[in-house]
Amino acid sequence: MSIATASTTSTTSALLTPPAPPAPLARTVLGSGPGLVLAHGAGGGTAANYGPLLDGLAARHTVVGVDWPGSGGSPRAAGPLDTDELADQLVAAADAAGLERFALAGFSLGGPVAVRAAARHPERVVALVLTATFAHRDARLDLAARLWGELYASGAHDLLAEHLTLAAFGPDALQALDPAALRGAIAAVAATVPSGTPEQVDLVRRIDVRADLARVQAPTLVITTTADPLVSPSLQRELADRIPGARTAELPTGHLPFAEQPEQWRALITDFLAEHTATTA
């Protein structure tokens, strides 16, 4: 009887105990001023996707970058990524940096995650900047992401790097590379593919925040990369059309504005945020 009673008590206690929150992901914190939280793209990281912009952003903001599982210093996830959990990780990172309210910038996969965070925490997010991003995948993005995942799983990282170079660079930027520079770019991609690639590209194929778009209350800027072979401009504009009052801007680049036009991208972000975060701390 005593054994059965102890077992029942233990089971009841376990049911009443909430699950432990997920461990914090790796974070980059720079600068001072109004808060700006960065969400990066699949197969990237804070440094990889925002590196050329970080000093300029940190000159005006407390910048907090979060690396998805398997990118930067974050350990790889044991299973599929959850959109809500990633969104809440952005807010937790802001909390850890002492930011009560903050702007969010999302690039590529980071865009729908930032949308979810803005919809879940409207009282915290004062502005939203979305670049080269989407609310759901279309046929082009789904095919590219599937090949991305399969090439990673095959171990053919050189072929994966060629696929990503073709899928991400705008035609003009790719044409401007001489053969040696192109080989160097492909080699650099192959050497830096993060271990979390499978889970991140799987989320690209699953994520769908269309229902969240109308719930976004923060002033929003959607930056369309008009020569993007990966996330089609029409998909980017569809997202902008469904966010109430969203402002739009264009960059004549492929999917990698940080590689093709970093200063122009930074200026679009900081000019927009200057209107909406000047008094936010």
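Counting from 1, the numbers follow the sequence of the chain as shown. Just so we're clear, the structure is a prediction, and the values are computed from it rather than from any experiment.
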Given 3.5 Å as the limit, does a donor-acceptor pair link the side chain of Q236 with the main chain of V222, or not? no
Find out whether F107 and L38 are in side-chain contact, i.e. whether some heavy atom of one side chain is under 4.5 Å from a heavy atom of the other. no
Tell me, with the steps shown, if L221 and T248 meet side-chain contact (heavy atoms from CB on, under 4.5 Å). CA-CA 6 Å; L221 173 66; T248 59; 5.7 Å; no
Step by step, would you call H276 with V126 a side-chain contact (heavy atoms from CB on, under 4.5 Å)? CA-CA 7 Å; H276 302 288; V126 299; 5.7 Å; no
Measure from the ring center of H40 to the ring center of W68 and say whether it is less than 6.0 Å. yes
I269 versus I223: any side-chain heavy-atom pair under 4.5 Å? yes
If two hydrophobic side chains count as joined below 4.5 Å and joins carry through other members, does L177 share a cluster with F258? yes
Is the side chain of T165 donor-acceptor paired with the backbone N or O of A161 at a distance under 3.5 Å, no angle test? yes
For residues 162-183, which residue pairs qualify under salt bridge (charged side-chain N to carboxylate O under 4.0 Å, His left out), counting only residues two or more places apart or in two chains? none
Output a table of donor-acceptor pairs, distance under 3.5 Å, between side-chain atoms of residues 149-157 and any protein atom two or more places apart or on a different chain; print 'none' if there are none.
| unit_1 | atom_1 | unit_2 | atom_2 | d |
| --- | --- | --- | --- | --- |
| E150 | OE1 | R146 | NH1 | 3.3 |
| E150 | OE2 | R146 | NH1 | 3.1 |
| S154 | OG | L151 | O | 2.7 |
| S154 | OG | A156 | N | 3.1 |

Candidate list E199, R76, Q200, test side-chain hydrogen bond (donor to acceptor under 3.5 Å, both in side chains), partner S71, passing option: Q200
Are I186 and D158 side-chain neighbours, meaning at least one heavy-atom pair lies under 4.5 Å? no
Measure the spacing between OG of S234 and CZ of R140 and express it to the nearest 0.5 Å. 8.5 Å
Could you check whether the rings of W265 and Y50 sit parallel, tilted or perpendicular, using 30° and 60° as the cut-offs? parallel
Does the side chain of T253 pick up a donor-acceptor pair with the side chain of D228 at under 3.5 Å? no
Only pairs under 3.5 Å count here: list side-chain donor-acceptor contacts from residues 55-62, not counting sequence neighbours, and write none if there are none.
| unit_1 | atom_1 | unit_2 | atom_2 | d |
| --- | --- | --- | --- | --- |
| H61 | ND1 | P34 | O | 3.2 |
| T62 | OG1 | G33 | N | 3.2 |
| T62 | OG1 | G33 | O | 2.9 |

Please find the pair of heavy atoms, one from G72 and one from D67, that lie closest to each other, and give the distance. CA-OD2, 3.5 Å
Tell me whether L160 is reachable from L143 by hopping between hydrophobic residues (I, L, V, M, F, W, Y) whose side-chain heavy atoms are closer than 4.5 Å. no
P229 to A227 - nearest heavy-atom pair and separation: CD-O, 3.2 Å
Do the side chains of V231 and T133 get nearer than 4.5 Å, heavy atoms only? no
Membership question, hydrophobic clusters at under 4.5 Å side-chain separation (ILVMFWY): are L182 and L256 in the same one? yes
Going by salt bridge (charged side-chain N to carboxylate O under 4.0 Å, His left out), name the pairs with one or both residues in residues 120-130, residues two or more places apart or in two chains. D84-R120, D88-R120, D95-R124
Kindly compute the distance separating CD1 (I243) from OG1 (T220), expressed to the nearest 0.5 Å. 5.0 Å
I'd like to know if D208 and R210 make a salt bridge, using a cut-off of under 4.0 Å between side-chain N and carboxylate O. yes
Not counting sequence neighbours, which residues clear salt bridge (charged side-chain N to carboxylate O under 4.0 Å, His left out) with D202? List them please. R206
Heavy atoms only: give me the nearest D212-R215 pair and the separation to one decimal. OD1-NH1, 2.7 Å
Side chains of V201 and T197: closer than 4.5 Å at any heavy-atom pair? yes
Answer with yes or no whether the side chains of T224 and T226 bring together a donor and an acceptor at under 3.5 Å. no
Ion pair present between E250 and R237, side-chain N to carboxylate O less than 4.0 angstrom? yes
Among all residues two or more places apart in sequence or in another chain, which pass the side chain to side chain donor-acceptor pair (under 3.5 Å) test with N49? none
If every non-hydrogen atom of A168 is compared with every non-hydrogen atom of E260, which pair is closest and at what distance? O-OE2, 4.2 Å
For residues L230 and L141, determine if any side-chain heavy atom of one lies less than 4.5 Å from a side-chain heavy atom of the other. yes
Treating Ile, Leu, Val, Met, Phe, Trp and Tyr as nodes and any side-chain heavy-atom pair under 4.5 angstrom as an edge, say whether V193 and L159 lie in one connected cluster. yes
Any chance you could lay out the side-chain contact (heavy atoms from CB on, under 4.5 Å) test for L166 and L174, step after step, and finish with the verdict? CA-CA 8 Å; L166 183 62; L174 195 58; 4.2 Å; yes
Taking every heavy atom of A214 against every heavy atom of P244, the minimum-distance pair comes out as O-CG, 3.8 Å
Compare all side-chain heavy atoms of L86 with those of L81 and state whether any distance is below 4.5 angstrom. yes
Please find the pair of heavy atoms, one from A93 and one from V66, that lie closest to each other, and give the distance. CB-CG2, 3.5 Å
Would you give the length of the straight line joining atom CD1 of I207 to atom CG of D82, rounded to the nearest 0.5 angstrom? 9.5 Å
Does some side-chain heavy atom of V129 sit less than 4.5 Å from a side-chain heavy atom of L273? yes
Show the numbers, then the answer: is there a side-chain contact (heavy atoms from CB on, under 4.5 Å) between R247 and F272? CA-CA 9 Å; R247 189 183 302 181; F272 179 75; 3.9 Å; yes
